[in-house]
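Keep in mind that the numbers below use all heavy atoms, side chains included, and drop hydrogens, waters and symmetry copies. Numbering of ligands and ligand atoms starts at 1, following listing order.
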Amino acid sequence: MSQTLDRPELDVSEQAAPAAPSAQQRAEAWLAAFEEALGRADADVVAALFATDSYWRDLVAFTWNITTAEGRGQVAERVRATAERTGARGFATSEPAADAAAPDGRPTVEAWITFETAVGRGKGLLRLVEEDGDDGARHDVAWTLLTTLHELKGFEEHQDGRRPRGAEHGVQRDRSSWRERREASVEGWGKDRQPHVLVIGGGQGGIALGARLRQLEVPALVVDAHERPGDQWRGRYKSLCLHDPVWYDHLPYLPFPRNWPVFAPKDKIGDWLEMYVRVMEVDYWGSTRVVSAARDEESGTWEVHLERRHPAADGTGEQTEHLVLRPTELVLATGMSGKPNVPSFPGAETFQGDQHHSSAHPGPDAYRGKKAVIIGANNSAHDIAAALWEHGAEVTVVQRSSTHIVRSDSLMEVGLGALYSEEALANGVTTEKADLVFASLPYRIMHEFQIPLYQEIERRDRDFYDRLEAAGFWLDFGDDGSGLFMKYLRRGSGYYIDVGASELIADGSVAVVHEPVRELVEDAVVLDDGTPEGKRLPADLVVYATGYGSMNGWAADLISPEVADRVGKVWGLGSDTTKDPGPWEGEQRNMWKPTQQEGLWFHGGNLHQSRHYSLYLALQLKARYEGLDTPVHELAPVHHTR
Ligand SMILES: Cc1cc2nc3c(=O)[nH]c(=O)nc-3n(C[C@H](O)[C@H](O)[C@H](O)COP(=O)(O)OP(=O)(O)OC[C@H]3O[C@@H](n4cnc5c(N)ncnc54)[C@H](O)[C@@H]3O)c2cc1C
């Protein structure tokens with residue numbers, strides 16, 4: 001059955017041609033028809049309001065999941081399963097709808113929307129296009145619809161007019177101070193109460209989620225093996241600065257100040273995270289390592305064993321406290337760049353120099369005048385190579401497969417500028433809006449919008465790429481030419497945002513070789529160049545810039561291999577491109593949404609993702625804490641275990 005969306009009745013009593021409806025009228029008419037059909041849970045009518053190729057992405061509002069319905073069939077299925085219980089209504093534009101162009105150039109009407117459900121309030125973004133209906137007339141249909149849950153009714157955050165008073169005026173015997181209450185809150189976990197949510201990993205991801213849970217008044221504790229928040233960044237190689245610009249990197253609630261550098265040095269980020277934990281009152285235990293976790297299905301809680309290090313009572317050394325916590329929800333925020341992949345080469349144990357994974361690389365100071373071999377040719381390899389070269393080391397990079405390189409300036413101008421930049425802000429694109437625009441672009445076709453951007457980058461930086469290739473560097477732009485973001489979303493690796501190291505490769509200051517490593521000997525890396533003796537690369541230092549494993553490896557280590565296999569691979573879209581095997585998943589595997597293991601969640605990603613998706617994860621956890629009904633629609637099946 002097809003649904004026609006009638007244009008509003010126009011007064012044609014005068015001879016003049018009827019004025020075409022405005023973007024606002026078109027958006028309102030569509031929203032009214034959508035709401036009316038949803039209210040009747042009429043799946044076919046709702047489906048017919050969508051284009052033949054259409055995408056309805058829902059972040060928790062309808063599905064208690066993060067999932068995209070693709071095409072009318074899936075839209076209808078979603079409506080059948082969720083419309084009645086969701087009770088969505090009150091769809092309205094939150095600012096005048098506008099005529100716009102879709103990323104593929106098609107004319108669209110773009111409308112920011114608000115709505116409510118039985119339990120919450122939502123925000124979204126609608127894009128309408130015209131399509132021929134069965135009646136031969138043109139009709140407005142949704143090409144993309146984003147619906148997101150923004151807050152839960154009755155559990156609104158204490159912000160602005162609802163902010164806490166802080167001081168309690170009047171007099172009260174034995175009153176405790178804010179500091180005393182904070183200390184009691186942080187130290188009381190496991191003693192006088194259990195956290196509802198235990199977040200393992202207090203990097204930027206765990207911290208952002210901890211802040212949101214705190215605001216939502218969910219009893220939650222964040223634990224991290226490092227001593228201080230921010231140590232994750234402090235411990236990385238000393239030359240590291242964020243590769244993404246400041247506009248992309250804000251944490252929830254507390255944006256960076258207006259004088260914050262465009263590319264923050266890693267120790268500055270470390271300090272910001274430490275300050276953030278205090279200011280946002282995140283209950284955080286540093287020096288605390290989770291040793292194991294097991295789910296007790298009967299009680300519906302986890303038994304988590306932890307080791308917490310304290311300064312020894314006599315002031316010398318440390319003592320370790322063994323603890324058990326029993327949270328209901330367990331979040332692994334242990335980092336997608338946290339579980340190093342370290343290759344095992346024959347003879348590695350005989351090598352007399354230093355060898356370590358890039359995550360353990362201390363920086364260049366000790367290697368002045370030394371010979372360094374870096375295995376791998378992505379971000380870390382480039383950053384480390386440049387810093388070693390700056391300190392007078394002789395550096396060779398072993399490139400095992402091609403790398404996508406994009407110059408930072410070009411990425412900022414062509415790739416990010418419209419959403420995350422000073423100009424974007426001047427155009428009214430706030431961080432929240434930028435995040436929602438980003439979230440509204442369907443993964444299925446995102447590469448199609450990215451390809452022309454990277455063609456433009458390739459064109460403008462042709463000379464740069466030619467010089468790199470002439471130096472023997474293997475380049476790619478992704479399997480389908482869609483560049484950096486798609487590589488990141490699909491596999492989280494395989495690229496370098498050039499902030500200088502590429503020039504060193506192009507001019508030969510840093511050597512590149514491609515032969516596979518055959519073995520390590522006492523003083524060299526030996527490559528397999530087809531000769532019996534192999535090609536020797538004399539080395540005092542070998543850095544394995546070989547990337548990181550899937551986050552469910554953490555589940556295998558901390559919980560069990562069975563649970564890790566049950567939830568399956570974490571990250572990637574199922575795009576059937578290199579390192580992202582199909583079938584198509586439609587969303588990033590297992591991130592920020594329910595998994596096949598009740599009570600187990602994964603959180604992380606870059607700063608933008610941590611900021612944006614921590615909201616939806618926090619709302620899912622809050623709803624469960626408050627005992628709301630949270631039926632999960634379209635729980636993703638598992639196709640790959642690691
Ligand atoms: C070299 C490099 C450069 C990067 N540059 C950028 C950038 O410019 N912009 C950007 O957005 N992202 C960048 N990233 C990617 C990503 O944002 C960072 O890796 C970021 O630190 C991820 O944050 P996270 O909180 O998810 O994980 P992490 O920061 O890795 O934190 C995970 C934490 O989990 C803890 N943990 C693990 N196991 C346990 C356990 N058993 N018990 C207790 N604690 C545990 C660890 O101690 C660690 O502190 C970069 C990554 C790397 C490696």
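Residue contacts with ligand 1: G604 is placed with no nitrogen or oxygen under 3.5 Å of a nitrogen or oxygen of the ligand (distance criterion only). At a 3.5 angstrom cut-off on N or O pairs, G202 does not count as close to ligand 1. The shortest N/O to N/O separation between D244 and ligand 1 falls below 3.5 Å. Inclusion of H608 in the set of residues having an N or O under 3.5 Å from an N or O of ligand 1 is not warranted. In terms of polar-atom proximity, defined here as any N/O pair under 3.5 Å, L607 does make such a contact with ligand 1. Taking any N or O of L558, backbone or side chain, none lies under 3.5 Å from an N or O belonging to ligand 1.
In summary, the atoms of ligand 1 found under 4.0 Å from a heavy atom of Q232, numbered by their order in the structure, are 29 (O), 31 (O), 48 (C), 49 (O). In the vicinity of G335, heavy-atom distances shorter than 4.0 Å reach the ligand 1 atoms 26 (O), 27 (O), 30 (O), 32 (C). Using a 4.0 Å cut-off to heavy atoms of W554, the atoms of ligand 1 that qualify are 37 (C), 38 (N). The distance from ligand 1 to the heavy atoms of Y237 drops below 4.0 Å at these ligand atoms: 1 (C). The atoms of ligand 1 that sit less than 4.0 Å from any heavy atom of R289 are 42 (N), 43 (C). The ligand atoms of ligand 1 that sit less than 4.0 angstrom from a heavy atom of G201 are 33 (C), 34 (O), 35 (C). Under a 4.0 Å criterion applied to the non-hydrogen atoms of S380, ligand 1 contributes the atoms 1 (C). Within ligand 1, the atoms closer than 4.0 Å to a non-hydrogen atom of Y548 are 53 (C), numbered from 1 in the order shown.
A side-chain contact (heavy atoms from CB on, under 4.5 Å) with V406 is found for exactly one of L453, I457, D498, V414, namely I457. Of the options T403, T578, D476, a side chain to side chain donor-acceptor pair (under 3.5 Å) to K487 is made by D476 and by none of the others.
Residue contact annotation: L240 has a non-hydrogen atom under 4.0 Å from ligand 1. Using a 4.0 Å cutoff on heavy atoms, W233 counts as a contact of ligand 1. Residue contacts with ligand 1: T288 is included, with a non-hydrogen atom under 4.0 Å away.
Using cut-offs of 30° and 60° on the angle between ring planes, the pair Y248 and H608 is parallel. Using the six-membered ring where Trp is involved, Y616 and H612 have ring planes that are perpendicular, over 60° apart on the 30 and 60° scheme. In this pair, F485 and F438 present their aromatic rings perpendicular. The plane angle is above 60°, beyond the 30 to 60° band. Aromatic ring orientation, H361 versus H356: tilted (interplanar angle from 30° to 60°).
Between the choices T334, D249, D231, the shortest heavy-atom distance to atom 37 (C) of ligand 1 belongs to T334.
Side chains of L617 and W601 form a contact here, defined as non-hydrogen atoms less than 4.5 Å apart. Side-chain contact between D231 and L273: absent, with no pair of heavy atoms (C-beta onward) separated by less than 4.5 Å.
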Derivation of the salt bridge (Lys or Arg N to Asp or Glu O under 4.0 Å) call for R308 and E187: CA-CA 12 Å; R308 192 174 179 203; E187 290 308 321; 3.1 Å; yes
Residue pair W233, Q204: steps toward the side-chain hydrogen bond (donor to acceptor under 3.5 Å, both in side chains) verdict: CA-CA 9 Å; W233 284 99; Q204 70 207 24; 3.1 Å; yes
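E321 CD: more than 12 foreign heavy atoms inside a 6.0 Å radius.
Of the heavy atoms in R236, only side-chain atoms (C-beta onward) come closer than 4.0 Å to ligand 1. Here S610 has no heavy atoms under 4.0 Å from ligand 1, in either its backbone or its side chain.
Taking the six-membered ring for Trp and the full ring otherwise, the centers of H404 and F473 sit at least 6.0 Å from each other.
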